[in-house]
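Below, each value reflects all heavy atoms present in this structure, side chains not excepted, and no hydrogens, waters or symmetry copies.
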Amino acid sequence: FHPRRSNGCTAVRGDTPLLQHMEHWFQVKMTGPFYGQARMVGLGTKSTTLHSSGSKDYYPLIGRDGGSWGLNFTGKIHHDGNEINYTIIDPSQETIDIGVYYNSYYGTIVFSVNDKSLGVAFQNIPVVMDIYPMLCSSSRNSKMDLIYCHSSIVSLKSLCRGTITLYLKNEEDINELPLPSSLMSYLMCKTYEHPKLKDYQSPTPQE
């Protein structure tokens with residue numbers, strides 16, 4: 001992003017929407033130094049703007065409208081022009097890995113930072129919308145690399161979690177259940193897990 005100088009905020013969007021009624025994972029490695037207003041990973045629609053309105057407009061593009069959702073390197077999540085403190089991220093790190101889990105069956109988004117899942121960030125996302133993976137940055141010469149991606153049919157385990165959480169209003173309700181801590185962590189989407197890349201490598205072509 002911005003190889004010579006920053007001209008506001010710029011975003012990129014995947015060319016294929018994420019399939020509906022599935023589970024999607026992708027992970028991005030951000031390389032420091034970290035500064036500026038925007039270095040984000042998230043999801044958006046075709047209507048999400050890819051370029052800011054002016055060279056001095058550095059505000060994040062992901063989450064600026066009602067059809068995009070993202071996590072900034074500042075630890076804030078953005079949606080519909082609003083930003084909320086979600087986690088604390090140390091900007092002095094050399095790299096930051098941000099993962100996105102999107103369940104297009106239940107319409108939920110969970111972010112992870114450096115392989116630590118942080119719980120549900122957004123829910124009740126309309127599952128009939130075409131949703132695309134997105135990145136954006138306002139920092140000069142900023143670099144982000146896609147290091148993992150995978151999609152699969154929603155697992156029975158995930159379906160059970162979704163059904164249970166439909167009847168629970170918040171984390172306090174989960175904490176009151178007579179369950180092991182590991183299972184409560186899973187219900188709150190705070191257990192980091194995605195299909196291992198080595199388990200999904202393409203078979204070697206036969207000669």
**Q** Hey, does Thr108 have a side-chain heavy atom less than 4.5 Å from the side chain of Asn124?
**A** no

**Q** Looking at His51, is its backbone amide N or carbonyl O close enough to the side chain of Thr49 to form a donor-acceptor pair, meaning the two atoms are under 3.5 Å apart?
**A** no

**Q** Within the 4.5 Å heavy-atom criterion, are Phe73 and Val41 side-chain neighbours or not?
**A** no

**Q** I'd like to check the side-chain contact (heavy atoms from CB on, under 4.5 Å) partners of Ser158; sequence neighbours left out, ordered by chain and number.
**A** Glu23, Tyr101, Asn103, Val154, Ser155, Arg161, Tyr186

**Q** Would you indicate whether the side-chain heavy atoms of Leu18 and Ser104 approach each other to under 4.5 Å?
**A** no

**Q** Would a 4.5 Å heavy-atom cut-off, applied to side chains only, mark Leu135 and Val28 as touching?
**A** yes

**Q** Which distance, rounded to the nearest 0.5 Å, do you find between the OH of Tyr132 and the CG of Asp15?
**A** 8.5 Å

**Q** What pairs of residues pass the salt bridge (Lys or Arg N to Asp or Glu O under 4.0 Å) test when at least one of them lies in residues 42-57, not counting sequence neighbours?
**A** Asp57-Arg64

**Q** Counting N and O atoms only, with roles assigned by atom type, does the side chain of Tyr106 sit under 3.5 Å from a partner on the main chain of Leu159, one being a donor and the other an acceptor?
**A** yes

**Q** Heavy atoms, side chains only, cut-off 4.5 Å: are Gln27 and Asp115 in contact?
**A** yes

**Q** For the hydrophobic clusters of this structure (ILVMFWY residues joined by side-chain heavy atoms under 4.5 Å, transitively), does one cluster hold both Leu187 and Tyr102?
**A** no

**Q** Under the 3.5 angstrom rule, does the side chain of Ser137 hit a backbone N or O of Arg39 as a donor-acceptor pair?
**A** no

**Q** Within this structure, what is the CD1-CD1 distance for the pair Ile84 and Ile77, rounded to the nearest 0.5 Å?
**A** 5.0 Å

**Q** What pair of heavy atoms forms the shortest contact from Ser151 to His24, and how long is it?
**A** OG-ND1, 2.6 Å

**Q** Quick check: closest heavy atoms across Phe34 and Gln93, and the distance to 0.1 Å?
**A** CE1-O, 3.3 Å

**Q** Treating Tyr58 as the side-chain partner and Asn7 as the backbone partner, does any N or O pair qualify as donor plus acceptor under 3.5 Å?
**A** no

**Q** I'd like to know whether Ile109 forms a side-chain contact (heavy atoms from CB on, under 4.5 Å) with Val100, so could you lay out the CA-CA distance, the side-chain angles of the two residues, the decisive distance to 0.1 Å, and finally the verdict.
**A** CA-CA 7 Å; Ile109 297 175; Val100 180; 4.2 Å; yes

**Q** Would you call the rings of Phe122 and Phe111 parallel, tilted or perpendicular, where under 30° means parallel and over 60° means perpendicular?
**A** perpendicular

**Q** Rounded to the nearest 0.5 Å, what's the gap from CG on Asn114 to CD1 on Ile89? Could you check?
**A** 8.0 Å

**Q** Going hydrophobic residue to hydrophobic residue with side-chain gaps under 4.5 angstrom, can you get from Val110 over to Tyr148?
**A** yes

**Q** Mind jotting down which residue pairs meet the salt bridge (Lys or Arg N to Asp or Glu O under 4.0 Å) criterion with at least one end in residues 121-130? Sequence neighbours excluded, please.
**A** none

**Q** Could you walk me through whether Val12 and Phe1 pass side-chain contact (heavy atoms from CB on, under 4.5 Å), step by step?
**A** CA-CA 10 Å; Val12 294; Phe1 289 83; 4.0 Å; yes

**Q** Has the side chain of Arg13 got a donor or acceptor atom that lies under 3.5 Å from a matching backbone atom of Thr45?
**A** yes

**Q** If only side-chain N and O atoms count, and only distance matters, is there a donor-acceptor pair under 3.5 Å linking Trp25 with His150?
**A** no

**Q** Does one hydrophobic cluster hold both Ile131 and Ile153, with members joined at side-chain heavy-atom distances below 4.5 Å?
**A** no

**Q** Look at the side chain of Ser138 and the backbone N and O of Cys9, then say whether any donor-acceptor pair between them is shorter than 3.5 Å.
**A** no

**Q** Please collect all salt bridge (Lys or Arg N to Asp or Glu O under 4.0 Å) contacts where either partner lies in residues 78-103, sequence neighbours excluded, each pair once.
**A** Lys29-Asp97, Lys76-Glu83

**Q** Checking Thr87 side chain against Gly75 main chain: does a donor-acceptor pair fall under 3.5 Å?
**A** no

**Q** Report the hydrophobic cluster partners of Met134, with the cluster defined as I, L, V, M, F, W, Y residues connected by side-chain heavy atoms closer than 4.5 angstrom, directly or transitively.
**A** Met40, Leu50, Ile62

**Q** Using only atom types and a distance under 3.5 Å, with no angle test, would you say the side chain of Thr48 pairs donor to acceptor with the backbone of Gly44?
**A** no

**Q** Hey, does the side chain of Ser112 reach the backbone of Ser117 with a donor-acceptor pair shorter than 3.5 angstrom?
**A** no

**Q** A quick test of your reading: do over 12 heavy atoms of other residues, nucleotides or ligands sit less than 6.0 Å from CG of Leu183?
**A** yes

**Q** Could I get the full list of ring-ring contact (aromatic ring centres under 6.0 Å, His included) partners for Tyr59, not counting sequence neighbours?
**A** His78

**Q** Quick one: CZ on Phe26 to CD1 on Ile98, what's the gap to the nearest 0.5 Å?
**A** 10.0 Å

**Q** Counting N and O atoms only, with roles assigned by atom type, does the side chain of Gln123 sit under 3.5 Å from a partner on the main chain of Gly107, one being a donor and the other an acceptor?
**A** no

**Q** Shortest non-hydrogen contact from Ser139 to Gly36?
**A** OG-CA, 4.1 Å

